[in-house]
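One structure is given here, and the rest of the page talks about it.
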Amino acid sequence: QVQLVESGGGLVQGGGSLRLSCAASGRTFSRYAMGWFRQAPGKEREFVAAISWSGGRLYHADSVKGRFTISRDNSKNTVYLQMNSLDPEDTAVYYCAQYTRPTPSSPPPTWGQGTQVTVSA
């Protein structure tokens, strides 16, 4: 059984930075793509970024391109989301997810518990 544990969320002023981490256990981490999603109050969960099994392919939503960067360290079973130039519109609960294939395809079945990111104006 896969377990994903996010950390690194918090309160930050607009224009600031945060780095989220997601530690995975229970299944061979390096075989699968990983992703980050977020859900703001009153809105549906949306895709933020994904990374292939080796880290060779990155995918970012248009809304975060140039500001957020996904990365992974397979030796630490951890995926990261570096978030720069944060805007109050980025306020949401951020979820880590594991896909079932080496590259992101169908919606991932495994999710973390989420970490809150709040950006003040």
Side-chain angles (χ1 to χ4, degrees):
Q1 184 174 355
V2 178
Q3 289 188 329
L4 304 174
V5 179
E6 301 98 333
S7 61
L11 173 64
V12 63
Q13 281 192 333
S17 297
L18 282 175
R19 188 175 82 154
L20 305 183
S21 300
C22 172
S25 62
R27 187 164 70 175
T28 305
F29 176 79
S30 62
R31 293 183 181 176
Y32 304 101
M34 298 293 295
W36 287 96
F37 292 73
R38 67 186 181 185
Q39 187 167 18
K43 295 185 178 181
E44 293 187 354
R45 189 176 295 185
E46 65 173 358
F47 169 79
V48 175
I51 187 167
S52 64
W53 67 279
S54 66
R57 293 187 179 182
L58 309 180
Y59 310 82
H60 295 88
D62 288 344
S63 60
V64 306
K65 277 181 182 176
R67 300 188 300 123
F68 292 10
T69 303
I70 189 171
S71 62
R72 67 190 295 162
D73 185 340
N74 287 345
S75 69
K76 296 182 178 179
N77 286 2
T78 302
V79 62
Y80 304 97
L81 186 67
Q82 177 67 44
M83 305 186 295
N84 299 327
S85 301
L86 282 161
D87 184 90
E89 291 291 314
D90 296 316
T91 295
V93 177
Y94 283 72
Y95 297 91
C96 173
Q98 186 177 60
Y99 293 86
T100 57
R101 297 190 174 191
T103 54
S105 52
S106 55
T110 306
W111 300 86
Q113 82 289 350
T115 185
Q116 176 71 47
V117 172
T118 303
V119 185
S120 63

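- Contacts of Lys76 classified as side-chain hydrogen bond (donor to acceptor under 3.5 Å, both in side chains), with partners at least two apart in sequence or in another chain: none.
- Residues passing the side-chain hydrogen bond (donor to acceptor under 3.5 Å, both in side chains) test with Arg101: none are found, sequence neighbours excluded.
- Pairs passing the disulfide (SG to SG under 2.5 Å) check and including a residue from residues 11-82, sequence neighbours excluded, read Cys22-Cys96.
- Every side-chain contact (heavy atoms from CB on, under 4.5 Å) that Tyr32 has, sequence neighbours left out, goes to Arg27, Gln98.
- Listed by first and then second residue, the disulfide (SG to SG under 2.5 Å) pairs involving residues 31-91 amount to none (not counting sequence neighbours).
- Every pair passing side chain to side chain donor-acceptor pair (under 3.5 Å) that includes a residue from residues 104-121 is listed here, sequence neighbours excluded: Glu6-Gln113, Gln116-Thr118.
- Other members of the cluster containing Phe68 are Val2, Leu4, Val12, Leu18, Leu20, Phe29, Met34, Trp36, Val48, Ile51, Leu58, Val64, Ile70, Val79, Leu81, Met83, Leu86, Tyr94, Val117, Val119, with ILVMFWY side chains joined at under 4.5 Å, either directly or via other members.
- Nearest heavy atoms, Ala33 versus Arg72: CA-NH1, 3.9 Å.
- Applying the side chain to side chain donor-acceptor pair (under 3.5 Å) test to every pair with at least one member in residues 39-58, sequence neighbours left out, gives these pairs: Arg38-Glu46.
- Comment: Asp87 does not engage Arg67 in a salt bridge, judged by the lack of any side-chain N to carboxylate O separation of less than 4.0 angstrom.
- A ring pair (Phe, Tyr, Trp, His ring centres under 6.0 Å) with Phe47 is found for exactly one of Tyr95, Tyr59, Phe37, Tyr99, namely Phe37.
- In this view, Thr28 and Ser30, Arg31 satisfy the side-chain contact (heavy atoms from CB on, under 4.5 Å) rule, not counting sequence neighbours.
- Identified under the side chain to side chain donor-acceptor pair (under 3.5 Å) test for residues 11-23, with sequence neighbours left out: Ser17-Asn84.
- Looking at residues two or more places apart in sequence or on another chain, you find no side-chain hydrogen bond (donor to acceptor under 3.5 Å, both in side chains) involving Gln3.
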